[in-house]
Amino acid sequence: MGVVQSSQAFEAGEERVGGKAIGLARLTNAQAPVPPWFVVATEAFHHHLKSNNIGDVIQKSLDVVKALDIKDPISLRTIGEQAEIIQAAIKDAPLDGALLDEITGSVKTLGDSELA
(Lines give C-alpha, C1' and ligand atoms only; values in the text may rest on other atoms or scores of the structure.)
Protein backbone atom coordinates (compact mmCIF):
# COMPACT_ATOMS: atom_id res chain seq x y z
CA MET A 1 0.00 0.00 0.00
CA GLY A 2 2.44 2.63 1.07
CA VAL A 3 5.91 1.40 1.96
CA VAL A 4 8.71 1.77 -0.58
CA GLN A 5 11.93 -0.09 0.17
CA SER A 6 15.24 1.74 -0.19
CA SER A 7 16.18 -0.30 -3.25
CA GLN A 8 13.02 0.91 -5.01
CA ALA A 9 13.26 4.62 -4.21
CA PHE A 10 14.66 5.77 -7.56
CA GLU A 11 12.17 3.66 -9.47
CA ALA A 12 9.30 5.06 -7.39
CA GLY A 13 10.44 8.62 -8.05
CA GLU A 14 10.82 11.73 -5.93
CA GLU A 15 7.16 12.68 -6.29
CA ARG A 16 6.18 9.44 -4.56
CA VAL A 17 8.95 9.14 -1.95
CA GLY A 18 10.14 12.70 -1.39
CA GLY A 19 13.48 14.45 -1.56
CA LYS A 20 14.89 13.02 1.66
CA ALA A 21 14.40 9.44 0.44
CA ILE A 22 16.02 10.29 -2.90
CA GLY A 23 18.93 11.81 -0.98
CA LEU A 24 19.24 8.66 1.13
CA ALA A 25 19.12 6.55 -2.05
CA ARG A 26 21.95 8.61 -3.55
CA LEU A 27 24.02 8.19 -0.40
CA THR A 28 23.30 4.46 -0.35
CA ASN A 29 24.33 4.12 -4.02
CA ALA A 30 27.53 6.04 -3.25
CA GLN A 31 28.20 3.45 -0.52
CA ALA A 32 28.02 6.01 2.27
CA PRO A 33 27.36 4.51 5.70
CA VAL A 34 23.56 4.88 5.68
CA PRO A 35 21.54 2.77 8.12
CA PRO A 36 18.85 0.53 6.63
CA TRP A 37 15.73 2.44 5.64
CA PHE A 38 12.41 2.52 3.84
CA VAL A 39 9.93 5.30 3.24
CA VAL A 40 6.18 5.68 3.56
CA ALA A 41 5.00 6.85 0.15
CA THR A 42 2.97 9.98 -0.46
CA GLU A 43 -0.15 8.04 -1.45
CA ALA A 44 -0.28 6.58 2.07
CA PHE A 45 -0.19 10.11 3.48
CA HIS A 46 -2.95 11.22 1.11
CA HIS A 47 -5.01 8.17 2.10
CA HIS A 48 -4.46 9.08 5.77
CA LEU A 49 -5.74 12.60 5.14
CA LYS A 50 -8.76 11.44 3.17
CA SER A 51 -9.81 8.53 5.38
CA ASN A 52 -9.74 10.76 8.47
CA ASN A 53 -11.43 13.79 6.84
CA ILE A 54 -8.38 15.90 7.58
CA GLY A 55 -8.95 17.80 4.34
CA ASP A 56 -11.90 19.45 6.06
CA VAL A 57 -9.68 20.56 8.94
CA ILE A 58 -7.08 21.89 6.50
CA GLN A 59 -9.70 23.79 4.51
CA LYS A 60 -11.18 25.41 7.64
CA SER A 61 -7.71 26.51 8.74
CA LEU A 62 -6.92 27.87 5.29
CA ASP A 63 -10.18 29.83 5.32
CA VAL A 64 -9.15 31.41 8.63
CA VAL A 65 -5.68 32.25 7.31
CA LYS A 66 -7.00 33.68 4.03
CA ALA A 67 -9.18 36.12 5.98
CA LEU A 68 -6.23 37.53 7.94
CA ASP A 69 -4.51 40.84 7.42
CA ILE A 70 -0.89 39.73 7.12
CA LYS A 71 0.28 43.21 8.19
CA ASP A 72 -1.32 42.67 11.60
CA PRO A 73 1.23 41.10 14.01
CA ILE A 74 -1.51 39.07 15.65
CA SER A 75 -2.05 37.33 12.32
CA LEU A 76 1.27 35.54 12.68
CA ARG A 77 0.11 34.03 15.96
CA THR A 78 -3.15 32.95 14.35
CA ILE A 79 -1.30 31.36 11.44
CA GLY A 80 0.82 29.41 13.92
CA GLU A 81 -2.28 28.30 15.80
CA GLN A 82 -3.91 27.09 12.60
CA ALA A 83 -0.75 25.19 11.66
CA GLU A 84 -0.84 23.50 15.07
CA ILE A 85 -4.49 22.52 14.52
CA ILE A 86 -3.59 20.87 11.20
CA GLN A 87 -0.56 19.15 12.70
CA ALA A 88 -2.60 17.79 15.61
CA ALA A 89 -5.30 16.50 13.26
CA ILE A 90 -2.70 14.59 11.24
CA LYS A 91 -0.88 13.20 14.27
CA ASP A 92 -3.97 12.27 16.27
CA ALA A 93 -5.80 10.45 13.47
CA PRO A 94 -5.49 6.67 13.56
CA LEU A 95 -3.28 5.03 10.96
CA ASP A 96 -4.84 2.60 8.53
CA GLY A 97 -4.37 -0.92 9.94
CA ALA A 98 -2.94 -2.31 6.70
CA LEU A 99 -0.38 0.50 6.51
CA LEU A 100 0.58 0.01 10.13
CA ASP A 101 1.09 -3.72 9.48
CA GLU A 102 3.20 -2.91 6.42
CA ILE A 103 5.37 -0.48 8.36
CA THR A 104 5.77 -2.91 11.25
CA GLY A 105 6.74 -5.70 8.86
CA SER A 106 9.24 -3.47 7.07
CA VAL A 107 10.86 -2.44 10.35
CA LYS A 108 11.21 -6.10 11.36
CA THR A 109 12.96 -6.97 8.09
CA LEU A 110 15.58 -4.28 8.68
CA GLY A 111 16.74 -5.84 11.93
CA ASP A 112 17.61 -4.42 15.32
CA SER A 113 20.14 -1.84 14.16
CA GLU A 114 19.59 1.89 13.86
CA LEU A 115 17.30 2.94 11.03
CA ALA A 116 17.41 5.98 8.80
Side-chain angles (χ1 to χ4, degrees):
M1 174 190 190
V3 170
V4 177
Q5 300 302 322
S6 59
S7 62
Q8 302 167 325
F10 284 126
E11 182 181 321
E14 186 171 356
E15 212 171 88
R16 186 168 177 227
V17 298
K20 182 175 182 178
I22 294 297
L24 285 171
R26 287 184 182 129
L27 288 169
T28 300
N29 281 354
Q31 299 181 355
V34 178
W37 62 278
F38 64 88
V39 63
V40 177
T42 57
E43 67 264 17
F45 179 69
H46 292 290
H47 175 75
H48 180 69
L49 295 179
K50 186 174 182 178
S51 66
N52 290 288
N53 297 316
I54 297 171
D56 296 340
V57 173
I58 293 170
Q59 189 58 56
K60 287 178 186 175
S61 289
L62 288 175
D63 290 343
V64 169
V65 170
K66 287 177 186 175
L68 295 173
D69 175 5
I70 60 170
K71 294 178 183 175
D72 181 359
I74 295 175
S75 293
L76 293 177
R77 183 178 327 142
T78 303
I79 292 168
E81 291 166 354
Q82 293 304 310
E84 288 174 8
I85 289 169
I86 294 169
Q87 183 181 40
I90 293 169
K91 287 172 49 178
D92 294 343
L95 282 179
D96 177 83
L99 176 61
L100 186 56
D101 289 345
E102 193 174 355
I103 291 169
T104 302
S106 293
V107 168
K108 286 179 182 177
T109 66
L110 297 181
D112 293 333
S113 63
E114 293 180 351
L115 306 177

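Since the structure is predicted, the reported quantities are computational estimates derived from the model, not experimental observations.
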Can Val107 be reached from Phe45 by stepping across I, L, V, M, F, W or Y side chains whose heavy atoms are under 4.5 Å apart?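 No, Phe45 does not connect to Val107 through the hydrophobic network.
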
If I take atom [atom1] from residue [X] and atom [atom2] from residue [Y], how far apart are they, to the nearest 0.5 angstrom?
X: Asn52; Y: Leu95; atom1: CG; atom2: CG; value: 8.5 Å
X: Ser75; Y: Ile70; atom1: OG; atom2: CD1; value: 8.0 Å
X: Gln8; Y: Arg16; atom1: CD; atom2: CZ; value: 8.0 Å
X: Asp92; Y: Gln87; atom1: CG; atom2: CD; value: 9.5 Å

Looking only at heavy atoms, which two atoms of Ala9 and Val17 are closest? And how far apart? O-CG2, 4.0 Å

Given 3.5 Å as the limit, does a donor-acceptor pair link the side chain of [X] with the main chain of [Y], or not?
X: Asp96; Y: Leu99; value: yes
X: His48; Y: Ile90; value: yes
X: Glu14; Y: Ile22; value: no

side-chain hydrogen bond (donor to acceptor under 3.5 Å, both in side chains) between Gln5 and Ser106, intermediate numbers included: CA-CA 8 Å; Gln5 300 302 322; Ser106 293; 3.2 Å; yes

Non-hydrogen side-chain atoms of [X] and [Y] separated by less than 4.5 Å:
X: Thr104; Y: Lys108; value: yes
X: Val65; Y: Thr78; value: no
X: Asn29; Y: Phe10; value: yes
X: Leu68; Y: Asp72; value: no

Go through it in stages, so that I can follow the logic: the residues are Trp37 and Thr28, the test is side chain to side chain contact (heavy atoms under 4.5 Å, CB included), and I'd like the CA-CA distance, side-chain angles, deciding distance and then a yes or no. CA-CA 10 Å; Trp37 62 278; Thr28 300; 3.3 Å; yes

Gln59, CD atom: more than 12 neighbouring heavy atoms under 6.0 Å: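 Correct, the count exceeds 12.
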
Hey, mind stepping through Val64 and Lys60 against side chain to side chain contact (heavy atoms under 4.5 Å, CB included) and telling me if it holds? CA-CA 6 Å; Val64 169; Lys60 287 178 186 175; 5.8 Å; no

